[in-house]
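Remarks on the structure that follows.
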2 protein chains.
Amino acid sequence: MSKAAKAKSSAAIRSTADFARYVGLARTTVSRVLNGQPGLKQKTIDQVQRALSETGFTPNAHALHLKGKRTSMVGICVEDLLTPPAVRKLAALQKLLRERGLSSLIEVFAPGAGREVVRHFLSMRVEAVVFIGHFHREEIEARIAELIAHGTPHLVIDHFGLKNAHTVSLDRAKAMEDVVNHLLDFGHRTFGLMGIARAPSSRFDRMTGIHAALKARGLDFDTCTVSLDHLHERRNDFEYGRRLAGSFAQQAHRPTALLALNDEIAVGALRGLHELGLRVPRDFSVAGFNNQDVAAMTSPTLTTVEQNIATTIATAAELLLGQLDAPMKARPMIKLIAPELIVRESTGPARVD
Amino acid sequence: MSKAAKAKSSAAIRSTADFARYVGLARTTVSRVLNGQPGLKQKTIDQVQRALSETGFTPNAHALHLKGKRTSMVGICVEDLLTPPAVRKLAALQKLLRERGLSSLIEVFAPGAGREVVRHFLSMRVEAVVFIGHFHREEIEARIAELIAHGTPHLVIDHFGLKNAHTVSLDRAKAMEDVVNHLLDFGHRTFGLMGIARAPSSRFDRMTGIHAALKARGLDFDTCTVSLDHLHERRNDFEYGRRLAGSFAQQAHRPTALLALNDEIAVGALRGLHELGLRVPRDFSVAGFNNQDVAAMTSPTLTTVEQNIATTIATAAELLLGQLDAPMKARPMIKLIAPELIVRESTGPARVD
DNA sequence: GCTTGACGAGGACACGTGTCCTCCAAACGT
DNA sequence: ACGTTTGGAGGACACGTGTCCTCGTCAAGC
């Protein structure tokens with residue numbers, strides 16, 4: 001066969017049969033080489049290896065899985081690819097899974113399309129499904145019920161308090177408790193909530209922490225906190241924080257501290273206050289959440305909460321791999337990851353009006 | 001069959017045969033319902049539909065693909081999941097593909113593991129492979145050659161100038177030309193390059209733009225530009241920019257303008273200069289790249305370049321889908337996307353020493 | 001009661017793979 | 001020259017699916 005003919009035929013190789021024809025051996029012989037079975041002459045093995053690197057032939061994964069080989073795929077359903085912490089978790093998880101020979105099927109959980117996403121995962125016969133982020137409660141609970149009925153392991157990262165769900169989550173209640181205590185120590189007694197209050201049930205745990213911290217000092221939640229989330233379209237980004245901070249600044253009885261849902265909103269607040277000629281932390285203390293890199297670069301630098309994503313994902317991977325080996329436990333496993341308060345320049349003694 | 005027995009057997013449904021047994025019909029009949037073939041009583045159809053929603057059964061995608069159905073999968077190989085613009089492109093592309101019924105297999109291109117990634121894609125019989133970001137030139141060119149030989153369409157987003165590669169990329173040369181011209185108009189004649197110079201060939205196009213702008217005004221590249229990238233470990237993040245800015249500030253003949261590879265480095269530079277008591281743009285002008293949200297939130301706000309990611313990805317999707325329909329063109333298609341200079345507060349008249 | 005039509009049952013095949021088995025040819029040992 | 005060993009050829013099957021085909025059954029129409 002001429003070199004040109006070889007090159008031409010290499011494009012048409014779609015199966016081991018084609019490939020065997022190309023090599024000039026029987027299909028079964030080639031298959032035995034590919035799967036490292038004994039009892040083959042070295043010369044034959046070399047011959048196949050050479051053809052392999054010449055053509056770049058790869059056995060059809062679908063046929064392999066059909067034949068009984070495990071798919072080694074995990075479905076990962078992420079809330080959003082534009083939320084930095086979610087993406088960092090996704091990246092870390094995919095890396096850990098890959099190191100263990102598992103590839104990942106990644107989908108964004110569009111609201112209402114959760115059913116379709118999970119069905120796609122199941123049709124691909126993934127070995128487990130992971131959810132990263134916060135979701136519509138009823139929808140995700142329905143999906144998890146489906147997975148349990150189907151016998152496919154699952155794991156939820158972040159969304160806390162879902163019925164029957166194996167969960168790994170940052171202890172957001174503890175985190176907010178730490179933040180509020182830190183500010184209470186500085187003499188703050190009125191708190192503006194930015195993006196936390198009107199939120200779906202997923203933010204419930206943060207509120208719990210705020211409640212707990214205030215109650216421990218004998219303070220009343222309703223008189224100590226203010227939310228103006230309703231004044232602007234909810235966006236959870238810098239611009240939202242900037243506008244919201246403006247609204248807080250214009251209040252008659254304005255709070256002395258602002259608690260933001262995330263660092264974007266907090267940094268936006270810093271900007272908004274700066275534009276109004278207000279100074280942080282002299283006029284307002286501002287606390288963020290997530291310890292994004294940008295939090296150390298603002299002026300003033302931002303007090304925030306470190307999530308310890310590496311720990312979260314390592315725990316998640318451990319739990320997940322455990323489920324792949326052993327039969328799934330009936331009782332949902334729930335692991336809380338400890339947060340870490342990072343104190344920087346944006347928080348200080350409360351303003352005295 | 002009792003309800004309990006049904007529930008029990010539903011867990012064991014792994015094939016249409018199992019499912020048909022569950023419904024109490026022949027496998028072929030169920031298959032005809034699932035594929036919408038005519039000539040079936042409405043009662044039968046309802047019966048199957050009901051069982052379908054009861055059990056959540058999904059046909060095995062691997063068997064379908066084996067049978068000849070297209071996989072409807074696209075392999076997306078992304079440089080990194082921690083680089084915000086790359087992730088934004090990934091998110092946008094996945095969304096567009098999904099709207100057209102294509103799902104995506106996402107992998108991170110670990111250096112040296114590119115071969116494995118592409119082989120995985122090919123074993124999954126993806127319909128096309130997309131690369132997003134900048135890669136090791138020789139490695140990715142080898143992968144693209146493999147894909148071409150294999151007859152699988154490909155597309156490169158961002159990495160410009162690869163041999164035989166279909167490419168969609170921001171016109172980075174034009175972008176840098178705009179930035180440099182903007183600064184030249186302000187009287188700047190010495191430019192500090194942050195993260196741009198020592199970079200792999202992928203940054204070549206930026207250098208081209210800087211060269212062009214200087215040459216057009218009769219200026220010499222080597223006397224007008226300084227790079228201190230070698231002083232710090234290359235990281236492309238805020239902290240790297242902060243340190244690098246410190247090094248520029250300590251120079252005897254320090255430049256009047258700093259050109260950063262991305263907004264992270266630029267914002268880090270703003271921070272670094274702020275810490276040294278220097279003011280922007282009075283002491284230094286700083287220009288970023290990518291127009292990340294944070295660029296509008298710093299003090300001063302950052303002059304930068306908008307990538308028009310939506311346009312890039314729409315163009316990419318169009319090119320890709322065209323390749324899926326028609327046979328691949330031999331001549332590589334190359335599309336350049338126009339950048340947009342966003343002028344904010346961080347650039348101004350050159351300092352006079 | 002007979003024909004006709006409608007509808008479902010069930011067998012067969014192909015898709016690409018790994019594996020088992022049988023069979024054949026060549027190489028080897030005596 | 002003969003028997004034995006070695007290594008490859010090639011047939012068969014299973015996996016889950018869609019599709020085609022044949023065959024049975026049941027009901028309606030004459």
Side-chain angles (χ1 to χ4, degrees), chain A residues 12-52 55-73 119-127 150, chain B residues 12-52 55-73 119-127 150:
Chain A
I13 295 181
R14 300 246 96 102
S15 66
T16 36
D18 294 342
F19 182 63
R21 242 187 309 278
Y22 174 88
V23 185
L25 291 170
R27 187 182 73 81
T28 46
T29 306
V30 170
S31 178
R32 288 170 62 195
V33 174
L34 293 178
N35 293 281
Q37 289 193 7
L40 296 159
K41 254 197 298 192
Q42 190 57 44
K43 183 194 152 211
T44 310
I45 297 179
D46 292 344
Q47 197 177 346
V48 173
Q49 295 292 0
R50 189 151 17 90
L52 208 54
T55 62
F57 170 71
T58 323
N60 186 323
H62 304 292
L64 290 176
H65 303 151
L66 197 56
K67 194 65 182 46
K69 191 177 173 185
R70 40 183 301 209
T71 57
S72 295
M73 286 196 291
R119 286 180 78 84
H120 177 227
F121 286 161
L122 292 179
S123 80
M124 291 297 288
R125 301 296 190 259
V126 297
E127 301 187 6
H150 195 273
Chain B
I13 295 181
R14 301 246 95 102
S15 66
T16 35
D18 294 342
F19 181 63
R21 244 188 307 278
Y22 173 87
V23 185
L25 292 169
R27 185 181 73 81
T28 46
T29 307
V30 170
S31 179
R32 289 171 62 196
V33 174
L34 293 178
N35 293 281
Q37 289 193 7
L40 294 161
K41 255 197 299 192
Q42 189 57 44
K43 184 192 151 213
T44 310
I45 296 179
D46 293 344
Q47 197 178 344
V48 173
Q49 296 292 1
R50 189 150 17 89
L52 208 53
T55 62
F57 169 72
T58 323
N60 186 323
H62 305 291
L64 290 177
H65 303 151
L66 197 56
K67 195 63 182 46
K69 190 175 172 184
R70 40 183 299 207
T71 57
S72 295
M73 286 196 290
R119 287 180 78 86
H120 177 226
F121 286 160
L122 291 180
S123 80
M124 292 296 288
R125 301 295 189 259
V126 297
E127 300 187 8
H150 196 271

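In what follows, chains are A, B, ... by sequence order, proteins preceding strands, each numbered from 1.
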(request) Provide, to the nearest angstrom, the distance between the NE2 atom belonging to B/H62 and the C1' atom belonging to D/dA14. (result) 17 Å
(message) OP1 or OP2 of C/dG18 versus the side-chain N and O atoms of A/Q37: is any pair under 4.0 Å?
(response) no
(request) Would you mind reading off the distance between A/K43 atom NZ and D/dG7 atom C1', rounded to a whole angstrom? (result) 11 Å
(request) Among the candidates C/dG8, C/dT17, C/dG18, find the nucleotide nearest to the side-chain atoms of B/R125. (result) C/dT17
(message) Categorize A/K41 for me: base, sugar-phosphate, or nothing, with a 4.0 angstrom heavy-atom threshold over every strand shown.
(response) sugar-phosphate
(request) Decide yes or no, distance alone: a donor-acceptor N/O pair under 3.5 angstrom between the base of C/dG11 and the side-chain of B/R27. (result) no
(request) Report yes if at least one side-chain N or O of A/N60 is closer than 4.0 Å to OP1 or OP2 of C/dT17; otherwise report no. (result) no
(request) Might you point out which heavy atoms bring B/M124 and B/M73 nearest each other, and give the distance in Å? (result) O-CE, 3.6 Å
(message) Between B/T29 and B/G68, which residue's closest nucleotide on DNA chain C lies nearer the 5′ terminus?
(response) B/T29
(request) For B/Q47 and C/dC7, give me the distance from atom CD to atom P, rounded to whole Å. (result) 15 Å
(message) Could you tell me how far apart B/F19 (CZ) and D/dG18 (P) are, to the nearest whole angstrom?
(response) 12 Å
(message) OP1 or OP2 of C/dG10 versus the side-chain N and O atoms of B/T28: is any pair under 4.0 Å?
(response) no
(request) Locate the shortest heavy-atom distance separating A/A51 from A/Y22; write the atom from each residue and the value. (result) CB-CE2, 3.8 Å
(request) Answer yes when B/R21 and B/D18 have at least one side-chain N-carboxylate O distance shorter than 4.0 Å, and no when they do not. (result) yes
(request) May I ask you to say what B/G39 touches in the nucleic acid, namely base, sugar-phosphate or nothing, with a heavy-atom cut-off under 4.0 Å? (result) sugar-phosphate
(request) Take atom CD1 of B/I45 and atom C1' of C/dC7, then tell me their distance rounded to the nearest Å. (result) 12 Å
(request) Would you please classify the geometry between the B/H65 ring and the A/H62 ring as parallel, tilted or perpendicular, with 30° and 60° separating the classes? (result) perpendicular
(request) In whole angstrom, give the distance that lies between atom NE2 of B/H65 and atom P of C/dA14. (result) 22 Å
(request) Measure from CZ on B/R32 to C1' on D/dT19 and round the result to the nearest Å. (result) 10 Å
(message) I want to check one thing: is the phosphate of C/dT17, taken as OP1 and OP2, less than 4.0 Å away from some side-chain N or O of A/S31?
(response) no
(request) Return yes if the base of C/dG16 and the side-chain atoms of A/T16 contain a donor-acceptor N/O pair under 3.5 Å, otherwise no. (result) no
(request) Could you tell me the separation between the NZ atom of B/K67 and the CG atom of A/L66, rounded to the nearest 0.5 Å? (result) 12.0 Å
(request) For B/L34 and D/dT19, give me the distance from atom CG to atom C1', rounded to whole Å. (result) 13 Å
(message) Any base atoms under 4.0 Å from A/L25, or only sugar-phosphate, or nothing? Heavy atoms, all strands.
(response) sugar-phosphate
